[in-house]
Amino acid sequence: MELTQSRPPAAASGPDKFDSVCAILERYSYQPAKLIPILQAVQNEYRYLPEGVMTYVATALKVPPARVFGVATFYTYFALEPKGKHVLRLCDGTACHVKQSIPILEALRRHLGLDEKNKTTPDMLFTLDTVACLGACGLAPVLMVDDVVHSRMTPAAAVKLVDKIRTREQSAN
Amino acid sequence: MIKQATVTIDGRDVPIEGERNLLELVRKAHIELPTFCYHSELSIYGACRLCLVQVEGRGIMGACSTPPEPGMQIRTSTLEIREIRRITLELLLANHEGSCPTCTKSADCKLQALARRLGVEKVRFKALHQPAPVDDSSPSIIRDPNKCVLCGDCVRVCNEIQGIGAIDFAYRGSQAAVLPAFGKNLGDVECVNCGQCAAFCPTGALTPKPEIEGVWKALNDPKKKVVAQIAPAVRVALSECFGATPGEDTTGRMVAAIKALGFAAVYDTSFTADLTVIEEATEFLQRKTKGERLPQFTSCCPAWVKYAEQYYPELLPNLSSCKSPQQMFGSLAKDILPKQMGVMRQDLVVVSIMPCTAKKFEARRPEFAPDGERDVDFVLTTQELGRMIQEAGLDFRAMEPESLDMPLGFHTGAGVIFGNSGGVSEAVLRYAVEKVLGKPLDKVDFPQVRGEGGLREAAFTLNGTTVKIAIVHGLANAKIVADKVKAGVSDYDLIEVMTCPGGCIGGAGQPVPKNGQSRRARTRSLYENDKNLPLHKSQDNPFITQCYERHIGEVGGEKAHHLLHTHYQNRRRLSGPEIPLGEGPASAARVQVKVCAGTACFVRGSQKLLHALTAYVEERSLQNAVDVRANFCSEQCGNGPTVIIGEDVLQHCTFEIAREALDQALAVQK
């Protein structure tokens, strides 16, 4: 499974998204054995797996929806809730943990008004997740912002990164 | 002489005779290895780790997942294995809600029995488990996740025997759970209420939903007259609740016990099974003569009916329009008994006693509640009747037999064998063959349709016409046959479908079988019951003839249709959200367009339709006036593709039809 998620296409309009789900299913020839790559591709489209779309995939592949739900909940990569436009993945593997990843997590949560249960900001700009290991232990502690790895993070640096993205987004609007 | 291949089990040589795994071999040697997740009818899962054995030279292995090899030396109960089994049980118990005294599964719980058997007297581990809500949304089954041991028996029976997969494992590790799709309630998904998950569940995590309290209330209401109807399969299983060997026919004592509970009269569902035979066979002969809507599927099994409504909308016209015997009894009883018993219709309470959990769902179907008053007020399972008898303190085994009440208690053997797989076919044959040949049958038995196989075939030639019958039990088998019919490659005329293994005798409302022989014994007992009755053909039942003369009129006539026949409807599998195609939430101010993306409509091109409509909306810049959504199943599958615009349901929809309707809706909106 890929660790990095390619940047989701800029807010595609609804029917295009649904069309691409149909195209994804087509591409995998409606094979039930390809459920995982299909769900990955669908998630890239929607940034999460909406229930209706999962039902649609189940129907198209002729597998029970409960099976699709089982696969989607088994892998942490899959999200059942909409993710923010930017996904922050803080590594909390052993190396990052001993190099103080938790203070970074706490600082980010405080700054974004998030907690263990609420992982996405109300404006849908950021989602903050922890991951077990990004395999970049030499650069610990590590924070991934979308598909870019930021090394040797501190709480202050992490907050600064987030603010930079926010400013950029605001000026873009 | 070739030396017989053997495995040495605890020092004894046991011959290998086609056993698929060591577990079967060990059990053949009369050593009862403990298991949660092993069932001979299901695939091997190897998860519970209780059937461990020591294999010489290999170590400790799961007996269920190890094939026997000649010369193997195995031990089944070393100190190490004993310790492992006990720790496994202890860990399961640590996270198990220990409400044993109030659990309905208490006496039949495998977890409890094994803990006792393996000598687990203390649980040393702390519970990590967070209590989860109990799901009682289904009319048939209660799901209590707090009692689940994750053996997966329910998941596999639903998938492999019934071909549905309404429940599956979700999440992982300590969060793992068996759940319906998207964590919904069982009542909101494609579950057909057969209850086999509950029949296979070793604990109280899945149990039939009881209706005992309501029945006690009715029995204690002086205004009410409470009558019972008993399904055929109940009589050969009830005594298992009282420790008897399976297959004992207890009709007389059962009637006595039900009367002792306070019922005003005890009737027999076999009576309306006889009625079903007449109506269904007549319907079949008509269809066969005209050559239309063949093959005819039976309709007495409510789980099959719901399955067909969900998965085979195009085959619904092929289902017999006959109500099931339970519902025929309900409508007939509510039609004729109030006058006979001198009560108002609303004061007559019909309680059916069934081997089945899906009957609880069937009795609640709105079409069986004319003017909101149900034809069948309560459905008790065999287990529930057993519990009521126990609660009343009746000594069942010592009861003096009593006879069923007339006229709705008089039945022939044809009505009784309905409880066995193949029984409906045989009963129909006993009527139809006589009717076609125009002379009495020499022999009433049709052994060709009997048997245990999940998919059986039989063919009969009558006056030069061949009638081909398929008999299936288990919905996975029904699917095989239904797919053939759908593809136009079946040459069957009549297809009998029963959802539960072996037919109703294997229903989920029956007492929990102690071993695999229970079902066989019940089947045999029902055929014996038929033999011991004076009449074997439904058409010989004098009270049926009388019933037609006095109440129903003509066979297949107008009143018969009103009282004894029904209709079916397409049914969506999941309740769930639509897939919004536009941005933002739906707005009531905009015209709502829903294109069905369910299976049947998808096959008929709903995707193209969806695309054309969204393109149309964009082209004309109507995004602020119209919401286009894909929705799951508008329950109009036979007439798809379906598009709903505002309140209008457009069947066999094309882009032109949809565009016209949309333009009209927009004009009205303005």
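Computed from a predicted model, the values in this text were never measured in an experiment. To find a chain, count down the sequence lines: A is the first, B the second, and so on, and within it residues start at 1.
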Report which part of B:Tyr171 has an atom under 4.5 Å of a heavy atom belonging to chain A: side chain, backbone, both, or neither.
both
Donor-acceptor check, side chain of B:Asn185 to backbone of B:Asp188, threshold 3.5 angstrom: yes or no?
no
So for atom CZ, which belongs to A:Arg67, do other residues, nucleotides or ligands contribute more than 12 heavy atoms lying within a distance under 6.0 Å?
no
Is it the case that over 12 heavy atoms from other parts of the model lie below 6.0 angstrom from the CD atom of A:Glu169?
yes
Side chain, backbone, both or neither of B:Leu179 within contact of chain A (heavy atoms, under 4.5 Å)
both
Donor-acceptor pair between B:Asn193 and B:Thr357 side chains, under 3.5 angstrom:
no
Look at A:Gly70, A:Pro65, A:Ala60, A:Ala72 and state which one has the largest set of heavy-atom pairs under 4.5 Å with chain B.
A:Pro65
Side chain, backbone, both or neither: which part of B:Glu190 has a non-hydrogen atom closer than 4.5 Å to chain A?
side chain
